[in-house]
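Some notes on the structure that comes next.
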Protein chains: 2
Amino acid sequence: MTETRNGDEAEPRPAEARAKSFQAVREAHRNELAEDYVELIAELISQFGEARPVDIAARMGVTAPTVAKTLDRLAREGLVARAPYRSVFLTPEGAALAEACLRRHEIVVRFLVRLGLDPETAEKDAEGIEHHVSERTLELLRDFADQT
Amino acid sequence: MTETRNGDEAEPRPAEARAKSFQAVREAHRNELAEDYVELIAELISQFGEARPVDIAARMGVTAPTVAKTLDRLAREGLVARAPYRSVFLTPEGAALAEACLRRHEIVVRFLVRLGLDPETAEKDAEGIEHHVSERTLELLRDFADQT
DNA sequence: ATTACAAGTTAGCCATGTCTAACTTAATGC
DNA sequence: GCATTAAGTTAGACATGGCTAACTTGTAAT
Ligand SMILES: [Mn+2]
Ligand SMILES: [Mn+2]
Ligand SMILES: [Mn+2]
Ligand SMILES: [Mn+2]
């Protein structure tokens, strides 16, 4: 029958629009790790003057080889620069991405706290939510957070 | 040096707490596909009386073999029941998960719309956000959405 | 009853992201 | 300076989630 519906009932939501939503989520997930890494690397550099794989690993909650493999990928993508046994640097492109991600992250956290969430949970939820917030939504979150 | 800091500056955020946030995100992502599938299957069943792989594929925006493989995994996990060349059913466990996901999905969408987002973007963002919202956060979103 | 086509399955490829085990290099402390 | 130890790398395994190509099954129309 191939999803025949009688004509007068309201179309719940077109299949293609649905598909676009899921595709957007998958797209966000493809960028997610890169975003979290560059954001963290920027923070480590500003905090300690350098970003070492061991510190990245501790904060990401993964093992050193996982970090190594991911950093190789980010280097391939032009977001970080590295040399064997040295700490990691951001390319200009990576630094720009980090900056944008940091801003977005902070808006989401501020919003959640303003909503009434404790800061610890706000940080936790924000870490996932941030990657799925459209430009328009981010504006709305910022406006809400900035309310007097 | 291993991240030595002089003692009087405020600890920005402990590495282990950071790690827990990222681990929670990874955990959410492991459950995500199952949640989206059972939710969609429940919808298709209530709408058409059955959930066919071809309709799932159209709405998830993936190919038929991808759906087949995923459904096999969900069957292994006890969330769906299926027989070759037939449509898909939810186990009681799968139906319960679908119900919970549907409720959560609707709260997130209602919240975003109430914030001022257009319904289409609300659906798109909600599809990702829903998986990263803690119990406490969900309550806050519901309260906000329910405000007079 | 045949046939033609849509739906479903199977096999196999690939990238990602995690891990452990084993090895190499760099830094630190005598 | 040398030995010890911490950090980093490499190799290889495994699960996931996507794909295409090729095959099988079911069904609907003639
Ligand atoms: Mn994040
Ligand atoms: Mn996500
Ligand atoms: Mn979803
Ligand atoms: Mn959903």
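Reminder, nothing fancy here: chain letters follow the sequence lines and each chain counts from 1. Heavy-atom basis, side chains included; hydrogens, waters and symmetry copies ignored.
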Task: Interatomic distance where CD belongs to A:Gln23 and C1' belongs to D:dG18 [whole Å] - done: 12 Å
Task: Protein-nucleotide distance (B:Leu71, atom CG; C:dA7, atom P), rounded to Å - done: 16 Å
Please report, to 0.1 Å, the donor-acceptor pairs under 3.5 Å made by any side chain of residues 17-25 of chain B, with sequence neighbours excluded.
| unit_1 | atom_1 | unit_2 | atom_2 | d |
| --- | --- | --- | --- | --- |
| B:Arg18 | NH2 | A:Glu43 | OE1 | 2.4 |
| B:Arg18 | NH2 | A:Glu43 | OE2 | 3.3 |
| B:Ser21 | OG | B:Arg13 | NH2 | 3.0 |
| B:Gln23 | NE2 | A:Gly61 | O | 3.3 |

Kindly list each side-chain donor-acceptor pair under 3.5 angstrom involving residues 133-141 of chain B, sequence neighbours excluded, with atom names and distances?
| unit_1 | atom_1 | unit_2 | atom_2 | d |
| --- | --- | --- | --- | --- |
| B:Ser134 | OG | A:Asp125 | OD2 | 2.8 |
| B:Ser134 | OG | B:Thr137 | N | 3.3 |
| B:Ser134 | OG | B:Thr137 | OG1 | 2.9 |
| B:Arg136 | NH1 | B:Glu139 | OE1 | 3.2 |
| B:Thr137 | OG1 | A:Asp125 | OD2 | 2.5 |

TODO: Please list, chain by chain and in numerical order, all residues satisfying side chain to side chain contact (heavy atoms under 4.5 Å, CB included) with B:Asn31, sequence neighbours excluded.
DONE: B:Glu27, B:Glu35
Open item on the list: Using whole Å, what does the distance between atom P of nucleotide C:dA15 and atom CD of A:Glu32 come to?
Closed with: 21 Å
- [ ] Determine, for A:Arg114 against A:Asp146, whether the closest basic-nitrogen to carboxylate-oxygen distance falls under 4.0 angstrom.
- [x] no
Task: Integer-rounded Å distance: C:dG8 P and B:Ile56 CD1 - done: 9 Å
- [ ] Answer with yes or no whether B:Lys69 presents, from its side chain, a donor or acceptor under 3.5 Å of a partner atom in the base of D:dT16.
- [x] no
Open item on the list: Tell me which pairs pass ring pair (Phe, Tyr, Trp, His ring centres under 6.0 Å) where either residue lies in residues 75-103 of chain B, with sequence neighbours left out.
Closed with: none
Task: Heavy-atom pair with the smallest gap, counting every atom of A:Val113 and A:Ala122 - done: CG2-CB, 3.7 Å
- [ ] With the side chain of A:Ala64 defined as its heavy atoms from C-beta on, choose the nearest nucleotide among C:dA11, D:dT9, D:dA7.
- [x] D:dT9
Open item on the list: Can you work out whether B:Asp72 or A:Thr63 has the more 5'-proximal nearest nucleotide on DNA chain C?
Closed with: B:Asp72
- [ ] Round to the nearest Å and state the distance from A:Phe22 atom CZ to D:dG18 atom P.
- [x] 11 Å
Open item on the list: At a heavy-atom distance below 4.0 Å, what parts of residues 75-90 of chain B sit against DNA chain C?
Closed with: B:Arg82, B:Pro84, B:Tyr85
- [ ] Could you please name the option among D:dT9, D:dG18, C:dT9 that lies closest to any side-chain atom of B:Thr66?
- [x] D:dG18
Open item on the list: Please compare B:Ala68 and A:Arg30 by the position of their nearest nucleotide in DNA chain C and report the one closer to 5'.
Closed with: B:Ala68
- [ ] Let me know the distance between CZ of A:Arg52 and P of C:dA26, rounded to the nearest Å.
- [x] 14 Å
Task: Length of the CG-P vector between B:Asp55 and C:dA6, whole Å - done: 15 Å
Open item on the list: Students often get this wrong, so: under 4.0 angstrom with heavy atoms, is B:Arg26 touching a base, only sugar-phosphate, or nothing?
Closed with: sugar-phosphate
TODO: In whole angstrom, give the distance that lies between atom CE of B:Met60 and atom C1' of C:dG8.
DONE: 18 Å
Task: ring pair (Phe, Tyr, Trp, His ring centres under 6.0 Å) contacts touching residues 104-129 of chain B (sequence neighbours left out) - done: A:Phe111-B:Phe111, B:Phe111-B:Phe144
TODO: With the side chain of B:Val62 defined as its heavy atoms from C-beta on, choose the nearest nucleotide among D:dG8, D:dC19, C:dT18.
DONE: D:dC19
